Structure formats: C-alpha cells, structure tokens
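Written below as structure tokens is the structure these notes are about.
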Amino acid sequence: MSKLEARDVNLFFGAHQALKNISLQMEKHTVTALIGPSGCGKSTFLRLFNRMNDLHNDMRLSGTILVDNKNIYQRSADVDALRKKVGMVFQKPNPFPKSIFENVAYGLRINGVRNKNYIEERVTRSLQQASLWDDVKDNLNRPALQLSYGQQQRLCIARALAVEPSVLLMDEPTSALDPASASTIEELIYELKIKYTIVVVTHNMQQAARVSDRTAFFYLGELVEYDETKIIFTHPTHQRTQNYVTGRFG
Amino acid sequence: MSKKLMQAVMFTLFRLLSLMVVCILFSIVGFIAYRGLAVLRPQFITGLPENGMTEGGIFPAIVGTLCLMTGSLLIAFPVGLLSGIYVSEFAPDNRLKRFIQIMTNSLAGTPSIIFGLFGMALFVNQLGFGDSILAGSLTLAILVLPVIIRSTEESLNAVNPAIRQASYALGATRWQTVYRALLPLALPDILSGLLVSFSRVSGETAPILFTVAAYYLPRMPSSVYDQVMALPYHLYVLSTSGTDPEATRSMAYGTALLLILIVLFFNVLTVLVRRLLSKYVNIK
C-alpha cells in the first residue's frame, strides 16, 4: 500500500486546467522530488495532499487523492485532521510573530493539548529534529522573527513536526535561503525520511538529485515522467525530461 | 522642460499644498484656542450652567458626551468587530458578500441627519426609549458601525497571507486562525479604527439632536433612560439659540476648544496604543 496516491487527477482553477490526468504513487519513508518549469503544476499538485488548494474558491477537482488509502476529498473527510497528519513547509519562511516556543507549540495548542510538560517535551523534540535546538535552546522566548532566514525555515519545519505528522510537504523549502542554510535543510530532509514520507517541490536539479529517491517531472500540467531519481537524471525515457534536467530548457 | 526641473516644480507644488492643509488646521485650532482659552478655567469644566447658560460651566455636557461615546462604542465595537471578521474570514466570496460590502459603504456615506431621524423614529418612538442615552447611543452606534466593520475587515486583509496559510496548514480551523494568528496582528489597526470612531462620535450633532440631547439640563444622568446635554449640541445652542448668543460667545469658543481637545486626546491615544501594540506583537 502506498502512502500517497493520485488517481486520474484533473484540476481546474476556473477555466484553466492546472493538472491533466495525473496518476502517481508515493511510498512510505521515501523522498519524492517534484520538478518542472514554473507554472507546470507541481506546487498545485503538492497542495492537493493537504487540501491547501481549497482556499481558492474556483477550484474543481476530478479523480481521487488517497492518503493512507483514504480518499481525502470525500464529503465526510476531516480537513483539519488531514492537515495535522500532512504537514507543510512553505517557500518563504512564515513563522508567526510570536516567540520561538509559541511557534512550535501552536499546532499543539490548536489541537487542544493543555499538558504543559507534554508541550515542552514536544517543542524540545521538534526543535532537535529540525536541528535548530542548539541555536535557540538558551532562550526559547525570543521573537521568532529575530532568527536568521535559514533558522526561521528550520523553525517552520519544527512547527510542522510538532503535531507529529506522517507526511511532510515542502514547497521549494530552500529557494529563499542562502546556500549554507539550504544545505542544512537538505541534510535535514535526508534524516527526516526515516520517520516521514516527504514530498519536495524544487527548482534546483542538484537538490532533487541529492535528496530524493524518486522524481516526478511535470510539464504544462502533465506528468511527463516519474521514476527513480537515478534514472530520471541519467537515462530518462523522454527527451523533454532529458532536456530539462540537463538545463537545456526551463 | 528638463525632467529634473519638472520634478522640482511638482515637488514644490506638493509641498505647498501639504503646507496649506496644515495651515488651515492650525488656523482653525489657533483661532478657537485664541478665543476660547480665556474661559477654559476649572469652574468652566466642572461647573453647571447658570443664569440662562450665560455663566457657569459645561460639566453636564462633558459628562453627557462621555456617556454617549462609551454607550455607542459598547454597542458598536462588538457588533462591528464580529461583522468585520465575518465578512473578511468567513463569508464565501460571492454576491452576498459584495452586497454586504456595498451596503456597508453606503451606510458610511449616509448623511448623519438621516441617522438622527431614523433613530428618533425607531428607538425614541417605536421602541419607546424616549429621548435618552440609550436611544442616542444606539443611533451613534449605527453611525460608526460601518467604520468599525471596514477597519476590521481591512486590518485582517492586510495580514500577510502566509500567516493564514501557515495556520491552516497546521490543522487550525478558521476560527482558531482568526483568533490565534490573525487578530493579534490586526489588533493595532482595528483599535485605531475604533479610536477614530471615538472622535467621530464625540463630535456628531445631528444624530443626537432628536434622540438624546437636552437644551438645558443641569444635573447628572442617573440611568440610560435619562436625557443628557452634549458638547456639540451645547455648542450649537450657545452660538445660535441661547438666551443671549452675544453674551455666551466666549463660552461657545471654550466649548469648541474642549471638544477639539477631546478629539485630539483620542488621536494621540491612537498613536500611542498603536505603537505599544505593534511593539508587543513584534511586527517587523
């Protein structure tokens, strides 16, 4: 049984078809990279799995999206529970203008956790997992916005991990960061896949090659090719994939 | 003309026009202060009107205006805040929402005398509150409601959308997102909208004319069903329809000055509260 699955997915925003007939399966504890030129639908595809596209009110969807073999778009589906299970990290770090501690505790508080010790334990653990603990342990009450950009992004990862999701969606998580911070995040992705299923949208080919097990190449709303990352980067089936990963277009 | 010269000409023009606005404001305030400062003594502020309002103080009018400000905002703030939150965060983006927005704007542009007549018809007569603080506060509340709704709505919309997404992505409901993530950030703006309404309420005359304001009532109100005197109406009475307008001229200027000082006080308070809150919520 695969962890995440899309079956025959077509997605429209108004009259514009953003995704065309996509079927894709992603296994547990793997990192899948979604690549393709801007506007190809990869971010939109990513956001299907935590229903963030629902915020657009002119969205229409056909086909099935399964998380743990459950259709997350059926009428009885609990969107808030889904988003707790499927965490997300955005392109630009978007910490709340609260303290470091309160940022990480946010997800716990909104899920009704009151136990102070448990919250402290989860905050500590999540900051450790996001390799931010050593940077911030001296003062967790500092405003999150005083952290560097790279630290803020790791804080956002910690915030997502605090509610114990099993999937982590990352939408170009390093594109706004300097190279050193980006490589810290990449290492983190590599470590996190032991516990989580990770899907990462990226424009950076080296990054896709380094961190992912499988890679999906999107072009104009279609899934051109989906295979093991090694194969996509060395012997892709389609000429278009070859051109894109070697930087001849995009 | 060279583009540098053009820029110099335009900027000079802008500067002169801005300066003119400042001059107008200063000359109004200056003139009133010049004519009114002499009467602004302690017993003018704390005393009762005497001798056909030609002597004594304006204390009942000050108390009346403060009662109306408090009363109207106790009603308008919760209603306006919740409506603004509804329109910004909960209402589906459809015709109904746009209809509500257009209606809110029209309400904001309605002449205040209309509110006065409406308040008299509904609160004073139909609901039988009589000329009272209650009727006056309700009328003023309707008057400032659109201001509060719009400022709430705009303040929430001005919050970085990334914050909203971050909250939803963690499994927060809409209400949790509003309450925990958006409101703290929007609060400084919402409160400045509130304080603007405060100034507005303090100076409105037409809405209270038929709903609460007393011509002469030298005692303190004992319940919300009492009539009160109010500063703007008292000013009108002193300068046009008092027992002896010539004799009360300086008292009218004193009253006007006091009204301006109250408005000024709330504007300064707005700036201070904004600063304090912005620091507190730590927006960069």
Side-chain angles (χ1 to χ4, degrees), chain A residues 46-47 49-58 78-100 102-112 141-147 152 155-156 158-165 167-171 176, chain B residues 85-101 152-192 273-284:
Chain A
L46 183 80
R47 282 158 193 258
F49 289 95
N50 65 345
R51 294 191 59 167
M52 285 301 274
N53 290 325
D54 293 18
L55 300 178
H56 300 267
N57 59 358
D58 59 349
D78 180 345
V79 181
D80 303 326
L82 169 76
R83 288 179 183 153
K84 180 169 176 287
K85 181 153 92 175
V86 181
M88 183 157 197
V89 177
F90 296 82
Q91 180 176 0
K92 278 194 186 153
N94 55 354
F96 300 118
K98 300 172 186 270
S99 69
I100 294 167
E102 282 307 319
N103 262 279
V104 186
Y106 187 90
L108 299 164
R109 297 201 194 281
I110 58 169
N111 282 296
N141 293 321
R142 264 169 69 196
L145 292 173
Q146 281 181 10
L147 296 172
Q152 287 185 19
L155 180 67
C156 292
R159 182 176 67 184
L161 295 179
V163 293
E164 301 182 87
V167 179
L168 206 53
L169 308 176
M170 304 178 114
D171 191 358
Chain B
I85 292 175
Y86 174 75
V87 174
S88 165
E89 300 299 319
F90 291 90
D93 197 8
N94 56 20
R95 279 199 189 158
L96 178 67
K97 176 176 169 173
R98 278 189 290 281
F99 183 70
I100 293 175
Q101 285 173 324
T152 305
E153 196 191 332
E154 277 162 19
S155 322
L156 285 170
N157 282 337
V159 175
N160 184 349
I163 297 292
R164 199 177 271 114
Q165 291 195 10
S167 176
Y168 284 137
L170 287 164
T173 60
R174 282 186 188 205
W175 172 241
Q176 286 174 324
T177 301
V178 169
Y179 178 70
R180 287 177 180 270
L182 304 180
L183 269 187
L185 285 169
L187 209 55
D189 287 348
I190 293 176
L191 284 188
S192 33
V273 167
R274 269 194 74 98
R275 248 190 231 164
L276 201 73
L277 276 178
S278 303
K279 209 180 266 177
Y280 178 72
V281 300
N282 184 34
I283 308 167
K284 269 212 248 187

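Every heavy atom of this structure was used, including side-chain atoms; hydrogens, water molecules and symmetry mates were not. For clarity, every value in this text was computed on a predicted model and none was experimentally measured. Residue numbering restarts at 1 for every chain, and letters A, B, ... go by the order of the sequence lines.
By a heavy-atom distance cut of under 4.5 Å, B:Ile163, B:Gln165, B:Ala166, B:Ser167, B:Tyr168, B:Ala169, B:Leu170, B:Gly171, B:Ala172, B:Thr173 are the residues of residues 163-174 of chain B near chain A, going up by number.
With sequence neighbours excluded, the residues forming a ring-ring contact (aromatic ring centres under 6.0 Å, His included) with B:Tyr179 are B:Trp175, listed by chain and number. Residues satisfying the salt bridge (charged side-chain N to carboxylate O under 4.0 Å, His left out) criterion with A:Lys85, sequence neighbours excluded, are A:Asp68.
In this structure, CZ in A:Phe96 is found 9.0 Å from CG in B:Leu182, a value given to the nearest 0.5 Å.
When heavy atoms are compared at a cutoff of 4.5 Å, A:Val79 does not approach chain B at all. Only the backbone of A:Pro95 comes within contact range of chain B, with heavy atoms under 4.5 Å apart.
Across A:Asn94 and B:Ala162, no two heavy atoms sit closer than the pair ND2-O, 3.0 Å.
The residue among A:Lys92, A:Arg159, A:Lys84 with the most heavy atom pairs within less than 4.5 Å of chain B is A:Arg159.
Listed by first then second residue, pairs satisfying salt bridge (Lys or Arg N to Asp or Glu O under 4.0 Å) with a partner in residues 90-101 of chain B read B:Asp93-B:Arg98, not counting sequence neighbours.
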